Protein chains: 2
Amino acid sequence: MSTVEIEKTAMLLKLLGDKTRLTMVKILDSHDCCVCEFVEMFKMSQPGVSQHVRKLKDVGIVSETRRGQWVIYSLNKQSEYYPFIQDLLNHLPSQDFKLLELEEQGLRISCD
Amino acid sequence: MSTVEIEKTAMLLKLLGDKTRLTMVKILDSHDCCVCEFVEMFKMSQPGVSQHVRKLKDVGIVSETRRGQWVIYSLNKQSEYYPFIQDLLNHLPSQDFKLLELEEQGLRISCD
DNA sequence: TTATTATATAAGCAAATTATTATATAAGAA
DNA sequence: TTCTTATATAATAATTTGCTTATATAATAA
């Protein structure tokens, strides 16, 4: 069982204590995504999405790779928080239906 | 593995994404406490503490029992969130040293 | 009864959060 | 080069949060 000190944990829980970011992380746990996919999924402005993923990136729980015009985000399995996050996500129902909706609309970009 | 829907989980994580409340819950996991003990532990005003425990009570993760003048708070093991919270708390280092400090000052009230 | 102790509630305020629109930057296509 | 697409950053506004002080309520002791 990985242990994370209490202040860091509080910070992490606050970060994940937002419906949008929590759903993002749950989705990234099984599929990489780019910003424009999240924009569709969450019906949110592109800067809004960018700000959320930046917060996730700032604490190192997601990482990015540029692929042409797109920046692909994925869960950072090297993060010190990864085991903790895994445990947490296991309690959440799959959000893959959101990806399926995207595919049905022909709006899926990343192929992972 | 207990599953909690994503919106409720986000709400719960936001609630626990505060250092004071997270520490309270970690302590309550092993020992019941009253408000005045928390006031000492967190060097915070009594209304400040009361407001934190009320938030925890409002979503049902802690319960209260009056014992004379004191109101004793404990983790509510019947909460739908209890299994989730247990998993989460297992990643946290014990905060019992805070209780020991209280005892050394002769300020421990509840005996559980 | 009055005084004391423990807790809760109300009001106020500064700081943080989450969204928006406007604009800048980066990559690829024409 | 210019145009389009994808993303990031800046500035701003509305809301929420987390504390404080002042006050109310509840239980016990004198």
Side-chain angles (χ1 to χ4, degrees), chain A residues 6-7 10-25 27-28 32-59 62-74 102 105-112, chain B residues 6-7 10-25 28 32-60 62-74 102 105-112:
Chain A
I6 205 149
E7 287 170 33
M11 174 277 294
L12 189 61
L13 296 182
K14 179 186 281 184
L15 186 73
L16 297 178
D18 172 274
K19 189 193 166 191
T20 303
R21 285 192 298 267
L22 184 62
T23 307
M24 282 177 171
V25 170
I27 289 170
L28 291 177
D32 295 350
C33 284
C34 63
V35 168
C36 61
E37 289 173 316
F38 283 143
V39 169
E40 285 301 321
M41 273 187 230
F42 297 109
K43 309 296 182 208
M44 180 182 286
S45 69
Q46 174 268 313
V49 167
S50 278
Q51 281 157 16
H52 280 304
V53 296
R54 181 162 57 145
K55 287 182 181 181
L56 295 172
K57 208 183 59 176
D58 283 349
V59 303
V62 308
S63 47
E64 63 177 47
T65 324
R66 183 171 275 276
R67 191 145 79 210
Q69 309 166 271
W70 297 279
V71 177
I72 309 295
Y73 285 92
S74 48
L102 269 196
Q105 296 174 273
L107 297 172
R108 184 89 169 102
I109 307 283
S110 341
C111 356
D112 53 319
Chain B
I6 204 149
E7 288 172 32
M11 174 278 295
L12 188 61
L13 296 183
K14 179 187 281 185
L15 186 73
L16 297 178
D18 173 273
K19 189 193 165 190
T20 302
R21 285 192 299 268
L22 184 62
T23 307
M24 283 178 172
V25 169
L28 291 177
D32 296 349
C33 283
C34 63
V35 169
C36 61
E37 289 173 316
F38 283 142
V39 170
E40 285 300 321
M41 273 186 229
F42 297 109
K43 309 295 181 209
M44 179 182 289
S45 69
Q46 174 267 314
V49 168
S50 279
Q51 283 157 14
H52 279 304
V53 295
R54 181 161 57 143
K55 287 182 181 181
L56 296 173
K57 207 183 58 176
D58 283 348
V59 302
V62 308
S63 47
E64 62 177 46
T65 324
R66 184 170 275 278
R67 190 144 80 209
Q69 311 165 269
W70 297 279
V71 176
I72 309 296
Y73 285 91
S74 47
L102 269 196
Q105 297 175 272
L107 297 172
R108 184 89 169 102
I109 306 283
S110 341
C111 358
D112 52 318

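Here is how names work: the chains are called A, B, and so on, in the same order as the sequence lines, proteins then strands, and each is numbered from 1. This is a predicted model, so every value here is computed, not measured.
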Roughly how far apart are A/Glu7 CD and B/Thr23 OG1, rounded to 0.5 Å? 8.0 Å
Kindly write out the residues that satisfy side chain to side chain donor-acceptor pair (under 3.5 Å) with B/Gln46, not counting sequence neighbours, or none if the list is empty. B/Ser50
Kindly compute the distance separating CG (A/Leu22) from CG (A/Leu15), expressed to the nearest 0.5 Å. 10.0 Å
Taking Watson-Crick and G-U wobble pairs with both distances under 3.5 Å, convert DNA chain D into its dot-bracket string, 5' to 3', dots for unpaired and | for cross-strand pairs. ||||||||||||||||||||||||||||||
Counting the atoms with a prime plus P, OP1 and OP2 as sugar-phosphate, which does B/Tyr73 contact under 4.0 Å by heavy atoms, base, sugar-phosphate, or nothing? sugar-phosphate
Applying side chain to side chain contact (heavy atoms under 4.5 Å, CB included) between B/Met41 and each of B/Val49, B/Leu107, B/Leu102, report the one that passes. B/Leu102
If I take atom CZ from residue A/Arg21 and atom CD from residue A/Gln51, how far apart are they, to the nearest 0.5 angstrom? 10.5 Å
Contacts of B/Glu40 that satisfy side chain to side chain donor-acceptor pair (under 3.5 Å) - sequence neighbours left out: none
Under 4.0 Å, heavy atom to any atom of DNA chain D: which of residues 46-58 of chain A qualify? A/Gln46, A/Pro47, A/Ser50, A/Gln51, A/Arg54
Taken in chain and number order and not counting sequence neighbours, the residues that satisfy side chain to side chain donor-acceptor pair (under 3.5 Å) with B/Thr20 are none
What residues, two or more places apart in sequence or in another chain, satisfy side chain to side chain donor-acceptor pair (under 3.5 Å) together with A/Lys55? none
Just to be sure I understand the rule, does A/Lys19 reach a base, reach only the sugar-phosphate, or reach nothing, if contact means heavy atoms closer than 4.0 Å? nothing
Quick one: ring pair (Phe, Tyr, Trp, His ring centres under 6.0 Å) partners of A/Phe38, sequence neighbours excluded? A/Phe42
Contacts of type salt bridge (Lys or Arg N to Asp or Glu O under 4.0 Å), residue A/Lys14, not counting sequence neighbours: none
B/Thr65: side chain to side chain contact (heavy atoms under 4.5 Å, CB included) partners, not counting sequence neighbours: none
For DNA chain C, which nucleotides open and close the run of contacts to chain A, 5' to 3', at under 4.0 angstrom from a non-hydrogen atom? C/dT17 to C/dG28
So, OP1 or OP2 of D/dT20: does either fall under 4.0 Å of a side-chain N or O from B/Ser45? yes
The reported gap from CD1 in B/Ile109 to SG in B/Cys34 (rounded to nearest 0.5 angstrom) is 5.0 Å
Test of understanding: with side chain to side chain contact (heavy atoms under 4.5 Å, CB included), list the residues that count as partners of B/Val62, not counting sequence neighbours. B/Leu28, B/Leu56, B/Lys57, B/Tyr73, B/Leu75
Report yes if a side-chain nitrogen or oxygen of A/Lys14 is closer than 4.0 Å to either non-bridging phosphate oxygen (OP1 or OP2) of D/dT17; otherwise report no. no
Between the protein and nucleotides 4-6 of chain D, which nitrogen or oxygen pairs come in under 3.5 angstrom?
residue: D/dT5; atom: O2; partner: A/Gln69; partner atom: NE2; Å: 3.4

To the nearest Å, how far apart are B/Phe42 CZ and D/dG18 C1'? 14 Å
